[in-house]
Number of protein chains: 2
Amino acid sequence: MSTHASDKHLLYKIAKAYYQDELTQHDIARRFGLSRVKVSRLLEQARQEGIVKITVVPPPGTFADLERQLEARFGLLEAVVVAPARYDRANVVRELGQAAADCLMRCLKGREILTMSWGTTLRATVDALPSRNWPHMTVVQMAGGLGRPEAEVYGSDLTRRAAQALGARSRMIPAPGIVASKLARDALLADTHIAETLAMAARADVALVGLGALTPDSVVLQVSSLLTEEQINELKALGMVGDIALRCYDAYGRPIRHEVNERIIALELDQIKRIPRVIGVAGGTGKYESIRAALRGGLINVLVTDDRTATRLLSEPDSHRAER
Amino acid sequence: MSTHASDKHLLYKIAKAYYQDELTQHDIARRFGLSRVKVSRLLEQARQEGIVKITVVPPPGTFADLERQLEARFGLLEAVVVAPARYDRANVVRELGQAAADCLMRCLKGREILTMSWGTTLRATVDALPSRNWPHMTVVQMAGGLGRPEAEVYGSDLTRRAAQALGARSRMIPAPGIVASKLARDALLADTHIAETLAMAARADVALVGLGALTPDSVVLQVSSLLTEEQINELKALGMVGDIALRCYDAYGRPIRHEVNERIIALELDQIKRIPRVIGVAGGTGKYESIRAALRGGLINVLVTDDRTATRLLSEPDSHRAER
DNA sequence: TACACATCCGTGCAAATGCACAAACGCATT
DNA sequence: AATGCGTTTGTGCATTTGCACGGATGTGTA
């Protein structure tokens, strides 16, 4: 199939003219007395035969290739991998927050709706946000806070602070994330402001979420005394490996059917899935299963994580899909 | 001016997506949440900063770079340099002919007017022409032959053979190239067929010419007894270094004003210059000054020559233009 | 010779790309 | 706070490029 020496000569001349002298295909065609299509085809051939070599030099000290593999394997829009200086939780979270903030800022123009959950990682993200003046942006809370005073740090306050940093309007959910009964939940959802806030969150352009895991230091497990030991065990028995905005999912990112769901005030997983850009931030020890599940289930399409977790995610040759 | 490490990372990712995954700029913009223009600019930056490297591999055993230098220096459409196996005149001419034939064929589609002069090099070129069937092409003689029987080999016959090889129509000049008097010339030019032939040659799409030189074996000097020793000396005194189709020029490719011109039946240099593509074929010892002059004067815009001559043409750092 | 097959080629059109322009912005100085 | 300058940004448009299609050409086989 490959052409022979005499032609390579022509391929070389044309490739040089195109890639080095930056002539247009049209000009080259005129000079060499060929048709434009032919020049196009010869260039294609020159690329295929390796006469033209295009290399992209990886910048040192980054994990661009790791990112590319993650993107390819899990169908992500983007993956961001950071290399924490130390792997203690505090530092990992801080560096993840920085990276997530960068990643978020890059895709914001100042006129969109951003919805976010809360958690320690998102707290770090908000801390890393630069200040802007975007009056046309709105930051919307995605899930109720926790029913305690100190929980405010992880509830509405994060949304408020994010909006403040960006000079944006904010829209909070003045309610706990988990209430005592379905009845109480329904009552709160009947509130116009809460309902509208959730509706707005559902049609956000970008979502920023942390990925919860079943680790002992998990905010949900620690703080929310509304989940009894028994209920937690039930959820585990149903396969729960993590949560996004209090919505629990199994190892394949599928929502877990459990009574608890009906007492939660937050976007549902399906609603989150429909948001065009869902940035999931999580890393460090213990988050692996939850991240893997969120990726498998397509719950997020942008992942910000650390290099160890990234490597581990790529090391397993398993399937993305749940078997039926 | 150059941006720093944090950005290089993004440049790399985008460059990879574009050049390796072959995504469109539009798709990349959507994935990374950027505008399309921005992606375009980042790619430009990535190229400038050397993150994207495009190399064109020179095929071994060719003189592509020599050619490129000739093209650049003398403003040629194309230069073709061959490396003869041996440098005896016969072999050089043979290889030049082959290369010229290739070069000519490449830019012919089968519907144009080709005009040609004659000479030993063009003879070799015609010998190397492949056979085609191009009834819509016309091959037109550019200059009269020489006034002797054996001269036919260098006159109309070459045109005829070229046309035959290509399956094209031919248009010959049934007259000698140099006649005894201006009166005789004018009489021949009054002939409708000759006049129309010359007119047709003048509006040819492609010209194929040899470059004559003042070497002892020059066809013109040898055969045409119509040029006296004295006339030849006069021409030399006027600075003649070579000829195209019997039209003499000086070291800067300018036509030489001499009585002989009025006895010649051939296109004038200015007419030749106006042909869109003029392929000059010449090489070997002794042709150097003539080639250099033709290049300086812009008499040809495609040159087919040997590597030694090419190197020599590039070695002189002189000006292209005549001083006034 | 005729036919079938395959390859090559250029035209027309749609997609992709680059570019000029003007608005918006950040920044620093007044 | 207001002003000026330089930079960055996106929109609209012209150019450039890829691609499908039908026609032409060449080749091998019956």
Side-chain angles (χ1 to χ4, degrees), chain A residues 1-4 6-7 10-11 14-49 52 54 102 104-112 129-137 165-168 205, chain B residues 1-4 6-7 10-11 14-49 52 54 102 104-112 129-137 165-168 205:
Chain A
M1 266 312 114
S2 79
T3 54
H4 265 47
S6 57
D7 295 318
L10 180 60
L11 291 185
I14 287 178
K16 271 276 200 192
Y18 188 73
Y19 287 105
Q20 265 185 239
D21 303 346
E22 297 189 329
L23 301 180
T24 69
Q25 298 185 357
H26 184 80
D27 287 342
I28 297 173
R30 271 191 311 153
R31 274 185 62 163
F32 290 83
L34 307 166
S35 75
R36 194 190 59 75
V37 212
K38 177 139 205 175
V39 173
S40 181
R41 284 170 179 148
L42 289 174
L43 283 171
E44 166 69 22
Q45 200 185 335
R47 264 164 279 161
Q48 285 199 339
E49 296 199 15
V52 174
I54 301 182
D102 288 349
L104 174 66
M105 292 310 289
R106 235 188 13 236
C107 70
L108 291 181
K109 291 187 302 182
R111 311 194 146 263
E112 44 274 286
L129 285 178
S131 77
R132 287 294 128 92
N133 181 23
W134 282 341
H136 297 295
M137 160 165 292
L166 301 178
D205 303 289
Chain B
M1 265 312 113
S2 80
T3 55
H4 266 47
S6 56
D7 294 319
L10 179 60
L11 291 184
I14 287 177
K16 270 281 202 193
Y18 188 72
Y19 287 105
Q20 247 171 265
D21 302 346
E22 298 189 330
L23 301 179
T24 68
Q25 299 185 357
H26 185 79
D27 287 341
I28 297 173
R30 272 190 311 153
R31 276 184 62 163
F32 289 84
L34 307 167
S35 75
R36 195 188 61 72
V37 220
K38 177 138 204 175
V39 173
S40 181
R41 284 168 179 148
L42 289 174
L43 283 171
E44 166 68 23
Q45 200 186 335
R47 264 165 281 162
Q48 283 199 339
E49 296 198 15
V52 173
I54 301 182
D102 289 349
L104 174 66
M105 293 310 289
R106 238 190 10 237
C107 69
L108 291 181
K109 292 187 301 184
R111 311 194 145 262
E112 44 275 284
L129 285 178
S131 78
R132 286 294 128 93
N133 181 22
W134 283 340
H136 298 294
M137 161 164 292
L166 301 178
D205 303 288

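Quantities reported herein were computed from a predicted structural model and do not represent experimental measurements. Proteins get letters first, then strands, A, B, ... in listed order; numbering begins at 1 in each.
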> Could you give the CD-to-P distance, from A:Q45 to D:dT17, as a whole number of Å?
Replying inline: 18 Å

>> In this structure, how many angstroms lie between the P atom of C:dC25 and the CH2 atom of A:W134, rounded?
In response: 11 Å

>> Using OP1 and OP2 only, check whether a side-chain N or O of A:S40 sits under 4.0 Å from D:dG18.
In response: yes

> Could you state the NE2-C1' distance from A:H136 to C:dC25, rounded to the nearest angstrom?
Replying inline: 14 Å

> Counting heavy atoms not belonging to A:R106, are there more than 12 under 6.0 Å from its CZ?
Replying inline: yes

>> Taking only side-chain N and O atoms of A:S35, does any of them lie within less than 4.0 angstrom of OP1 or OP2 on C:dG10?
In response: yes

> How long is the line joining CG of B:D21 and P of C:dA16, in whole Å?
Replying inline: 16 Å

>> Can you see if the side chain of A:Q25 gets near the phosphate of D:dT15 - specifically, an N or O under 4.0 Å from OP1 or OP2?
In response: no

>> Could you tell me how far apart B:L34 (CG) and D:dT11 (P) are, to the nearest whole angstrom?
In response: 13 Å

>> By nearest heavy atom, map B:V37 and B:T24 onto DNA chain C; which one lands nearer the 5' end?
In response: B:T24

> Is A:K38 near enough to C:dG10 that one of its side-chain N or O atoms lies under 4.0 angstrom from OP1 or OP2?
Replying inline: no

> Counting N and O atoms only, with roles assigned by atom type, does the side chain of B:E112 sit under 3.5 Å from a partner on the main chain of B:G110, one being a donor and the other an acceptor?
Replying inline: yes

>> Using only atom types and a distance under 3.5 Å, with no angle test, would you say the side chain of A:Q20 pairs donor to acceptor with the backbone of A:Y18?
In response: no

>> Rounding to an integer number of Å, can you tell me how far A:H26 NE2 sits from C:dG12 C1'?
In response: 16 Å

> Hey, which of these two, A:R41 or B:R132, hits DNA chain D nearer its 5' end, going by closest nucleotide?
Replying inline: A:R41

> Below 4.5 Å, heavy atoms only, C-beta onward: do B:R31 and B:I28 meet side chain to side chain?
Replying inline: no

> What is the distance from CG of A:D27 to P of C:dG18, rounded to the nearest Å?
Replying inline: 16 Å

> How do B:R36 and B:K109 order along DNA chain C: which one's closest nucleotide is nearer the 5' end?
Replying inline: B:K109

> Between A:R106 (CZ) and D:dT9 (P), how many Å, whole number?
Replying inline: 13 Å

>> Tell me whether the count of non-hydrogen atoms from other residues, nucleotides or ligands lying under 6.0 Å of CZ in B:R132 goes above 12.
In response: yes

